[in-house]
Asker: 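Before I ask anything, here is the structure I am working with.
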Number of protein chains: 2
Amino acid sequence: MKRITIKDVAKKLNVSVSTVSRAFNDKYDIKEETKDLILATAKSLGYRPNPIARKLIQQRSYNIGIIVPEFVNSYFPDVIMEAQKVLIDKGYQVLIMQSHDSSETELKNLETLLDNMVDGLIVSLIREDDNIEKYKELVDAKMPIVFFNRVADKLDACKVVFDDFKWAFFATEHLILQGYEDIVYLSGPKHMKLSLNRIMGFEKAHRKHKREVGKIIPCGFYMEDGAAAAKLMIETNNVPRAIFAANDHCAIGAMRVFKEYGYNIPNDVAIVGFTESRLAEHIHPTLTTVEQPTKDIGITAANLLIEQLENKGMFVPQTIVLNGRLNVRESSVTH
Amino acid sequence: MKRITIKDVAKKLNVSVSTVSRAFNDKYDIKEETKDLILATAKSLGYRPNPIARKLIQQRSYNIGIIVPEFVNSYFPDVIMEAQKVLIDKGYQVLIMQSHDSSETELKNLETLLDNMVDGLIVSLIREDDNIEKYKELVDAKMPIVFFNRVADKLDACKVVFDDFKWAFFATEHLILQGYEDIVYLSGPKHMKLSLNRIMGFEKAHRKHKREVGKIIPCGFYMEDGAAAAKLMIETNNVPRAIFAANDHCAIGAMRVFKEYGYNIPNDVAIVGFTESRLAEHIHPTLTTVEQPTKDIGITAANLLIEQLENKGMFVPQTIVLNGRLNVRESSVTH
DNA sequence: AACAGCATCGGTAACGTTTCCGAAAGTAGT
DNA sequence: ACTACTTTCGGAAACGTTACCGATGCTGTT
């Protein structure tokens with residue numbers, strides 16, 4: 001069962017391969033009738049253009065690489081899959097890589113993607129500084145890249161980001177308005193801009209309401225991190241009235257420990273998460289959290305990349321800030 | 001910044017392109033010294049072999065397609081990412097597609113993968129019957145395929161499966177040994193072999209302990225499904241003493257509703273899940289569940305596929321059954 | 001009638017590899 | 001010294017497509 005090539009179609013109709021190629025590429029210099037005829041017989045022969053040959057001659061791989069830190073939180077799969085949809089429709093192929101929170105793996109991933117001759121990249125960084133020279137090289141060499149979620153200021157490239165400052169502000173203000181004094185922020189790693197932005201939002205909310213800014217404790221994005229932080233609070237007798245967590249997983253990890261130790265949520269400790277996860281509605285108590293527009297992020301990143309690929313050269317990098325929503329649920333509202 | 005080709009390397013050393021190719025492909029008919037020399041200078045020139053040209057001449061895409069139903073449960077990302085690791089090491093590229101529980105999307109995914117000339121496939125089916133003719137065609141045409149998780153009996157292909165029968169049996173027996181009468185199984189869709197196998201395990205455990213087989217209620221794999229089932233039980237006054245759920249998400253959805261209605265778990269209703277999820281340890285009460293060896297499943301599937309790709313033609317399809325573990329936690333043990 | 005311009009097509013080089021065939025030189029056996 | 005074989009390499013075809021250049025025939029204008 002040999003694969004049918006463009007030559008077979010050409011021979012069948014006694015036309016040249018160029019004409020068949022023209023038919024398949026919607027060129028202007030071909031008669032409408034012959035085009036239809038060619039497409040029809042091609043279909044009946046079961047001909048599919050060989051994408052590899054096309055890539056070779058066009059000097060484009062039609063490969064797009066995506067690098068994300070992890071797949072544990074549903075955030076990344078959600079945005080990636082949405083981006084992939086857009087890209088596949090445009091004829092691109094998507095290669096997905098996880099860095100597992102390691103900058104070395106990130107670099108390795110980058111290398112394998114480059115070996116595969118990706119035409120462009122969509123990246124969420126592990127740390128802002130670690131592989132920055134490598135990315136800078138790529139950006140300087142006009143490689144189309146879109147960063148999202150975790151971005152680096154120093155890179156002059158396209159970025160799709162969430163307004164972390166604003167929504168951290170709203171989340172914190174929500175806790176303040178509920179009347180809680182003593183609010184602690186379990187922050188993400190401080191080397192991430194997104195963490196710093198949220199910290200600023202956290203502080204601003206306090207200042208607006210003339211409160212002393214609550215304690216900021218560096219934490220992480222996984223359940224274990226939240227659990228460890230909660231345990232430490234309990235053991236050192238430092239349980240605050242309310243907690244604003246780095247994300248939902250972190251919040252849920254903390255909630256588990258508090259509940260184990262007999263604390264009631266929200267009556268003893270109120271809690272709000274970040275980056276709405278699939279669990280937020282399904283745990284007890286349901287979790288107040290900030291919803292990020294994962295679909296929009298994916299779609300926007302993909303579209304920005306496509307624009308870059310199509311107008312290579314004359315393209316000014318832009319940063320797009322997307323909006324969110326605060327989903328208020330039981331974990332933060334005392335009755 | 002033109003990409004450096006094999007010709008540039010050849011010219012630099014005054015050797016032929018064939019020799020350079022030989023150096024990079026570990027061929028026998030090349031002197032060790034010249035090989036080392038070539039590799040060294042190639043590296044210094046920054047030469048990377050163009051994978052697309054290689055694919056064209058070798059008539060292989062080095063593309064592997066993976067089709068899974070969804071990414072909501074962490075099960076699929078876990079096995080896929082593990083499979084990808086193995087495949088990338090062997091020089092393959094992985095294309096990941098979600099079918100979103102729709103057979104039509106599955107078929108569409110299959111078509112795009114074929115358009116991309118995948119050399120092989122790893123598939124978890126939506127339904128056993130829906131696209132079976134298409135898959136049969138591919139299998140008959142000697143396309144290397146490995147099915148996992150959701151497989152079809154009618155297809156004579158490689159399969160990597162979990163011993164659903166055995167572990168449903170153990171999970172049920174665990175509930176019986178805890179002394180619970182009246183155990184209900186919230187089963188997965190009946191069109192899936194895996195559901196039927198688990199039902200048989202559920203029944204066998206009852207028979208072994210001379211019990212009347214508990215009720216089997218068709219459910220689904222998402223939290224909503226479990227929640228809906230629980231709500232129905234409560235409203236129709238049919239709450240059993242224990243529940244064996246289709247998977248963890250289903251179990252957690254049910255738990256949420258029960259807790260909302262004031263039921264205590266496990267003292268009023270005991271519950272066990274299936275396919276250990278990241279939440280099992282982190283919800284309250286912690287969830288007893290059956291752990292599937294996701295990593296092994298991914299690795300095994302990838303290796304089976306590679307074997308097939310390398311010994312195309314003379315390869316007998318085999319089915320590999322992998323083992324699991326019952327993680328007993330709070331949700332099923334009354335104190 | 002001469003010419004420009006357009007529409008439509010064919011032929012061929014090119015993309016960067018690998019693979020096949022054969023050549024050259026060296027080695028060993030007789 | 002002749003043959004046979006091995007080692008090491010070069011040349012060229014091939015993979016399937018697209019892009020470029022040119023050829024042909026037709027239409028319309030002067």
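In the text below, chain A, chain B and the rest are named by the order of the sequence lines, each starting its count at 1. Keep in mind that the numbers below use all heavy atoms, side chains included, and drop hydrogens, waters and symmetry copies.
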Asker: Which of the following nucleotides, C:dT12, D:dA12, C:dG16, is nearest to the side chain of B:Asn50?
Answerer: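 For the B:Asn50 side chain, the nearest candidate turns out to be C:dG16.
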Asker: Is B:Tyr62 near enough to C:dT17 that one of its side-chain N or O atoms lies under 4.0 angstrom from OP1 or OP2?
Answerer: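 No.
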Asker: Of the options D:dC15, C:dG16, C:dT17, whose atoms approach the side-chain atoms of B:Ile6 most closely?
Answerer: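 So the nucleotide nearest the side chain must be C:dT17.
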Asker: Would you indicate which nucleotide in D:dC9, C:dC15, C:dT18 comes nearest to any side-chain atom of A:Gln59?
Answerer: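 Within the option list, the nearest is C:dC15.
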Asker: Of the nucleotides D:dT18, C:dG16, C:dT18, which has the atom closest to the B:Ser21 side chain?
Answerer: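 Output: C:dT18.
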Asker: Using heavy-atom distances to pick each residue's nearest nucleotide on DNA chain D, tell me which of A:Gln58 and B:Ile30 is more 5'.
Answerer: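 Closest to the 5' end, via its nearest nucleotide, is B:Ile30.
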Asker: Figure out the CD/C1' separation between B:Glu33 and D:dC9, and round it to whole Å.
Answerer: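 In whole Å, D:dC9 C1' and B:Glu33 CD are 14 Å from each other.
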Asker: Okay, side chain of B:Asp101, backbone of B:Pro69: is any donor-acceptor separation there less than 3.5 Å?
Answerer: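 Such a contact is absent between B:Asp101 side chain and B:Pro69 backbone.
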Asker: Look at all strands and tell whether A:Tyr47 reaches a base, only sugar-phosphate, or nothing, counting heavy atoms closer than 4.0 Å.
Answerer: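 Sugar-phosphate, backbone atoms only, no base.
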Asker: Output the single nucleotide from C:dG16, C:dC15, C:dC9 whose closest atom is nearest the side chain of A:Thr34.
Answerer: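 The closest nucleotide is C:dC9.
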Asker: Report yes if the side chains of A:Leu113 and A:Leu95 come closer than 4.5 Å at any heavy-atom pair, otherwise no.
Answerer: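 SC-SC contact between A:Leu113 and A:Leu95 confirmed.
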Asker: Just N and O in the side chain of A:Tyr28: are any of them under 4.0 Å from OP1 or OP2 of C:dC9?
Answerer: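 Looking at the OP1 and OP2 atoms of C:dC9, neither is under 4.0 Å from any side-chain N or O of A:Tyr28.
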Asker: Any donor-acceptor pair under 3.5 Å between the side chain of A:Ser18 and the base of C:dG11?
Answerer: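 When only heavy-atom distances are counted, A:Ser18 does reach the base of C:dG11 through a donor-acceptor pair under 3.5 Å.
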Asker: Can you work out whether A:Ala53 or A:Lys31 has the more 5'-proximal nearest nucleotide on DNA chain C?
Answerer: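 This one resolves to A:Lys31.
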Asker: Considering only D:dG10, C:dT8, C:dT18, which nucleotide approaches the side chain of B:Val17 most closely?
Answerer: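 For the B:Val17 side chain, the nearest candidate turns out to be C:dT18.
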Asker: Applying a 4.0 Å non-hydrogen cut-off, can you work out what B:Asn14 is touching in the nucleic acid: base, sugar-phosphate, or nothing?
Answerer: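 Contact class for B:Asn14: sugar-phosphate only.
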Asker: Could you work out which one of C:dG16, C:dG10, D:dT17 sits closest to the side chain of A:Thr19?
Answerer: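 Of the candidates, C:dG10 comes closest.
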Asker: Rounded off to whole Å, could you give me the CG-to-P distance for the B:Asn25 and C:dC20 pair?
Answerer: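 B:Asn25 atom CG is separated from C:dC20 atom P by 13 Å.
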Asker: Would you kindly give the CZ-to-P distance between A:Phe24 and D:dA19, to the nearest whole Å?
Answerer: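 It works out to 15 Å between those atoms.
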Asker: Rounded to the Å, how far apart are A:Leu56 CG and C:dT18 C1'?
Answerer: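 To the nearest whole Å, that distance equals 13 Å.
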Asker: Tell me which nucleotide among D:dT17, C:dT18, C:dC15 gets nearest to the side chain of B:Arg54.
Answerer: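 In terms of side-chain proximity for B:Arg54, the closest of D:dT17, C:dT18, C:dC15 is C:dT18.
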Asker: Please state whether the base of C:dG10 and the side chain of A:Arg22 form at least one donor-acceptor pair under 3.5 Å?
Answerer: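 Indeed there is one.
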Asker: Figure out the NZ/C1' separation between B:Lys35 and D:dT7, and round it to whole Å.
Answerer: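 To the nearest whole Å, that distance equals 15 Å.
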Asker: Apply ring pair (Phe, Tyr, Trp, His ring centres under 6.0 Å) to residues A:Phe76 and A:Phe71 and explain how you reach the verdict.
Answerer: CA-CA 6 Å; A:Phe76 288 113; A:Phe71 263 27; 7.9 Å; no
Asker: Just N and O in the side chain of A:Lys27: are any of them under 4.0 Å from OP1 or OP2 of C:dT8?
Answerer: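 A:Lys27 to C:dT8 OP1/OP2: no side-chain N or O under 4.0 Å.
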Asker: Ring centres under 6.0 Å, that's the criterion: do A:Phe148 and A:Phe162 meet it?
Answerer: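 They do not qualify: ring centres at least 6.0 Å apart.
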Asker: Would you indicate which nucleotide in C:dT17, D:dG16, C:dT19 comes nearest to any side-chain atom of A:Thr5?
Answerer: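 Comparing C:dT17, D:dG16, C:dT19 against the side chain of A:Thr5, the answer is D:dG16.
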Asker: What's A:Pro51 touching, base or sugar-phosphate or nothing? Going by heavy atoms closer than 4.0 Å.
Answerer: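 No contact at all - A:Pro51 keeps every heavy atom at 4.0 Å or more from the nucleic acid.
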Asker: On the 0 to 90° scale, with breaks at 30° and 60°, tag the B:Tyr62-B:Tyr92 ring pair as parallel, tilted or perpendicular.
Answerer: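 Aromatic pair B:Tyr62/B:Tyr92 classed tilted.
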Asker: Using a strict cut-off of less than 4.0 Å between a Lys/Arg side-chain nitrogen and an Asp/Glu carboxylate oxygen, indicate whether B:Asp78 and B:Lys295 qualify as a salt bridge.
Answerer: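 No.
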Asker: Of the candidate nucleotides C:dT17, C:dC9, D:dG10, which contains the atom at the shortest distance from the side chain of B:Ser16?
Answerer: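 The answer is D:dG10, which lies nearest to the side chain.
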Asker: Could you state the atom-to-atom distance from CD1 of A:Ile4 to P of D:dC15 in whole Å?
Answerer: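 Rounded to the whole Å, the gap is 16 Å.
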Asker: Quick one, A:Asp153 with A:Lys193, criterion side-chain contact (heavy atoms from CB on, under 4.5 Å). Give me CA distance, side-chain angles, the key distance, then yes/no.
Answerer: CA-CA 8 Å; A:Asp153 269 342; A:Lys193 200 187 157 197; 3.0 Å; yes
Asker: Roughly how many Å is it from CG in A:Asp29 to P in C:dG5, rounded to a whole number?
Answerer: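 Result: 19 Å.
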Asker: Atom NZ of B:Lys7 and atom C1' of C:dC15: how far apart are they, to the nearest Å?
Answerer: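 My rounded result for the distance is 8 Å.
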